[in-house]
Amino acid sequence: MKVYVPRDFSACALGADEVARAIEREAKRRGIALDVVRNGSRGLYWLEPLVEVERNGERVAYGPVAEEGVEGLFDAEFLEGKEHPVRLGNPEEIPYLRRQKRLVFRRIGKNDPLSLDQYRKEGGFAGLARALTLSPQQIVEEVTKSGLRGRGGAGFPTGIKWKTTLQAVDDQKYIVCNADEGDSGTFSDRMVIEGDPFLLIEGMIIAGLAVGATEGYVYLRSEYPLARQIFEEALERARAGGYLGKDILGSGKSFVLNLFVGAGAYVCGEETSLLESLEGKRGMIRPRPPLPAIHGLWQKPTVVNNVITLASVPVILADGAEAYARLGVGRSKGTLPVQLSGNLRNPGLVEVPFGVTLEELLFEYGGGTASGRPLKAIQIGGPLGPYLPPSLFHVTLDYEELAKVRGIVGHGGIVAFDDTVNLGEMARYAMEFCAEESCGKCTPCRIGSTRGMELMDRILSGKKSPGSIELLVDLCDVMINASLCGLGGMTPFPVLSGLRHFPEDFGYAKEEVEPLLQKM
Amino acid sequence: MENGKVERKDELESILQNFARLANGLIPAFHAIQNSYGYIPKERLPEIARAFNLSQADVYGVLTFYHDFRLEPVGRHVVSVCRAEACQANGSAAVIDHLRRKLGVDFGKTTADGEVTLLPTYCFGNCACGPSVAVDGKLYGRMSAQRLERILRGMGASA
């Protein structure tokens, strides 16, 4: 008899560890022999802690389960799959999950993420096995054909990045995984590292084979201690299993992989800042060019990819580029693990092909606001993403379609706000966040964010002078066009989108701001 | 006291020995030092700089760049609250107000009795289950002022 209780940072924040212990305790007390397996989370976060019982190969889920409710579950004979107010039936049949198209997340939440046997049993390392039969050029070609674009936020074609590094001639090249998932409203990287760490490892080995890199680093943010613990263990097991180190699976190819833990700097999610930090220095932005693909870590050719990008690669290699490219729309191929959060009834992880509407994500998956109040705005693409009003919820999830309404895909986070939010205050917060996190290298970001915060204070306190709004728009213009990286260059997005769609929250009428925003 | 000092010195020295060999060992070394000491002792910076063959200015520059590292000891308990958007959308303002009022300190400060340090965090990746508060490294989701009150009382930190 097996009972599954997620070992996921969020599930644990809701008491999953205590629930797991209570189940073991209660089973012992009743003389029942059972194994408590710690799986990853399926990402149905409003149901966490989500407990699953496996009988005759079939799962029955119960959730949310509280520590105090465990005795009642035993009394209701949940081990027999019997009725209970929190019984959810077969978890795979829950519509939220059944309607998704999970590629990257196909294994996550099902089993013990640290079991190499289980990983192989569920199709793991099939991508690597195929990659080992291909030349570096063929692997890069396959990734290019899949249409995969960087999932960290920039959306740059992965195949082109890899080709650049493959063609660079040097005695040492690196693969760096950007796991500095600092965007508010995003947690898909964390879920992959906690819920399927071998998938990331496999993706990085394939990237190494593709570009001729023999060494890699995962740059993980320090705010993810459980991910760190799980990934360290996964690295040990992958090394012991012959997947890392010298002569991978007898292929003669080598790949050494290390974990590096950041120290709480949002800007280190920007790739050049990340590389500086990884070299042990202050995480100051490097001007580009040169590109990291040619002069990256210690000035060596380096592929820097986000966790989801790298975790998509084994799927592409295993299923073939065509199968991946058949999903999605336009130039947005494949699937995106969307992260729904904020004021939603059903927040969680929704992996779907590109092309779904925001409306479908927010209402059919998200279930509308948790508070029951009207949904006023969403912020899409992280803290540097714009705020969009309900009149734009018909737009589809698609890099180009979102760009048309000044939206961004970013890392796939969508944060919902009900009508109690004031977009003027959120705009001020965006400036404050930028001031707090600016690396200080360029003036528009370093000084502009502080001036922007002061200006927003004046505007919101009603002490605005006649030119305040012109000044704010002008400042945003300078930050967008003269900052060295996305932090200063995108902080104006939440500010200007708030002003455009919700001018009343700034104390202005639509007619006052519209002419100013036309050039932006 | 004297013994304690000698023991501590050894600890820092062994950390430096472990990490100074690495080309990028300074940040992991700071993490390790802070794990043992609770903070980075300022008076030891010359020693750290020597071990890494860096100037003291370089070492100080790296140290102060990152929010995680601190030059002062913290209180017996550390309460970190997420200030980011997803938690704001779920009412983190009330939790933050409650904490500031109850503890009587602002972010980055420690209560006068040395019990609790209040720190801001920009996202724990718990966005689907906010508001998020971590107490001494243990994360709690769906936080409310009432639940927080119980947790604070549990650690004996509430007046």
Side-chain angles (χ1 to χ4, degrees), chain A residues 9-14 43 45-46 48 181-187 189-191 221-227 260-266 268 277-284 298 339-344 347-349 370-371 379 383 413 415-418 421 426 429 433 436-437 439 494, chain B residues 19-20 22-32 34 40 52 54 57-70 80 82-93 107-108 119-135 137-143:
Chain A
F9 203 31
S10 277
C12 292
L14 301 171
Y45 277 117
W46 75 101
E48 290 289 359
E181 185 177 51
D183 283 1
S184 168
T186 66
F187 42 83
D189 294 352
R190 174 182 67 68
M191 288 183 74
R221 65 198 297 257
S222 61
E223 291 86 345
Y224 287 177
L226 182 61
F260 189 95
V261 179
Y266 176 77
C268 288
S277 180
L278 190 48
E279 290 181 8
K281 298 184 271 196
R282 290 164 66 89
M284 305 284 278
W298 289 298
Q339 301 123 83
L340 298 176
S341 72
N343 201 325
L344 287 178
L349 191 288
S371 62
Q379 187 178 31
V415 181
F417 295 81
D418 71 10
V421 72
M426 298 316 289
Y429 173 80
F433 180 68
E436 186 75 22
E437 299 295 333
C439 83
Chain B
F19 290 102
L22 304 172
N24 56 359
L26 186 56
I27 291 169
F30 281 145
H31 275 306
Q34 193 159 288
I40 314 288
F52 281 90
L54 292 168
D58 280 335
V59 170
Y60 189 77
V62 172
L63 175 62
T64 51
F65 183 85
Y66 296 96
H67 297 308
D68 280 3
F69 304 133
R70 37 182 192 255
S80 316
C82 179
R83 289 197 59 204
E85 290 88 344
C87 282
Q88 291 184 43
N90 279 326
S92 63
F107 284 120
L119 296 175
T121 293
Y122 296 91
C123 199
F124 290 102
N126 186 45
C127 317
C129 309
S132 311
V133 176
V135 179
K138 180 169 169 48
L139 182 68
Y140 297 89
R142 294 181 198 148
M143 187 54 72

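Keep in mind that what you see is a predicted model, and the values were worked out from it rather than measured. Letters A, B, ... are given to chains in the order of the sequence lines, protein chains preceding strands, and every chain is numbered from 1.
Distance CZ/Arg142(B) to CH2/Trp46(A): 10.5 Å, rounded to 0.5 Å. Here the CD1 atom belonging to Ile27(B) is positioned 10.5 Å from the OG atom belonging to Ser222(A), to the nearest 0.5 angstrom. Between atom CZ of residue Phe9(A) and atom OG of residue Ser132(B) there is a gap of 8.5 Å, rounded to the nearest 0.5 Å. Taking SG from Cys268(A) and OH from Tyr66(B), the interatomic distance works out to 4.5 Å, rounded to the nearest 0.5 Å.
Other residues, nucleotides and ligands contribute more than 12 heavy atoms inside 6.0 Å of the CZ atom of Phe107(B).
Neither the backbone nor the side chain of Asp189(A) comes within contact range of chain B, judged by heavy atoms closer than 4.5 Å. The parts of Asn126(B) that come within reach of chain A are both its backbone and its side chain, each placing non-hydrogen atoms under 4.5 angstrom from that chain. For a residue to count as touching a neighbouring chain, one of its non-hydrogen atoms must lie under 4.5 Å from one of that chain's; by this rule Leu349(A) does not touch chain B. Residue Val421(A) does not touch chain B at all, counting heavy-atom pairs closer than 4.5 Å. The part of Ala416(A) that comes within reach of chain B is its backbone (N, CA, C, O), which places non-hydrogen atoms under 4.5 angstrom from that chain.
Put simply, the side chain of Tyr122(B) does not reach to within 4.5 Å of the side chain of Ser184(A), judged on heavy atoms. When side chains are defined from C-beta on, Arg83(B) does not count as touching Phe433(A), because their heavy atoms never get closer than 4.5 Å. Within the 4.5 Å cutoff, the side chain of Phe65(B) has heavy atoms near those of the Met284(A) side chain. By the 4.5 Å heavy-atom criterion applied to side chains, Cys123(B) and Arg221(A) are counted as neighbours.
Annotation: maximal heavy-atom pairing with chain B below 4.5 Å, among Gly413(A), Gly264(A), Pro383(A), occurs at Gly264(A). The residue among Gly61(B), Gly125(B), Ser80(B) with the most heavy atom pairs within less than 4.5 Å of chain A is Gly125(B). With chain B as partner, the option from Gly280(A), Ala263(A), Gly342(A) having the largest number of non-hydrogen pairs under 4.5 angstrom is Ala263(A). Of the listed residues (Ser371(A), Gly185(A), Ala265(A)), the one with the most heavy-atom contacts under 4.5 Å to chain B is Gly185(A). Each of Gly182(A), Pro494(A), Ala11(A), Gly262(A) has some count of heavy-atom pairs under 4.5 Å with chain B, and the biggest count is that of Gly262(A). Per-residue heavy-atom pair counts under 4.5 Å with chain B were compared for Gln339(A), Gln379(A), Glu181(A), and the maximum is reached by Gln379(A). Among the candidates Cys12(A), Cys439(A), Ala227(A), the residue making the largest number of heavy-atom pairs closer than 4.5 Å to chain B is Cys439(A).
Minimum heavy-atom separation, Ala128(B) to Gly348(A): CB-N, 4.3 Å. A pairwise comparison of heavy atoms in Tyr429(A) and Ala84(B) identifies OH-CA, 3.3 Å as the closest pair. Residues Trp298(A) and Asn24(B) approach most closely at CH2-ND2, 3.7 Å, considering heavy atoms.
Scanning for side chain to side chain donor-acceptor pair (under 3.5 Å) contacts around Glu279(A) gives Lys281(A), Arg286(A), with sequence neighbours left out.
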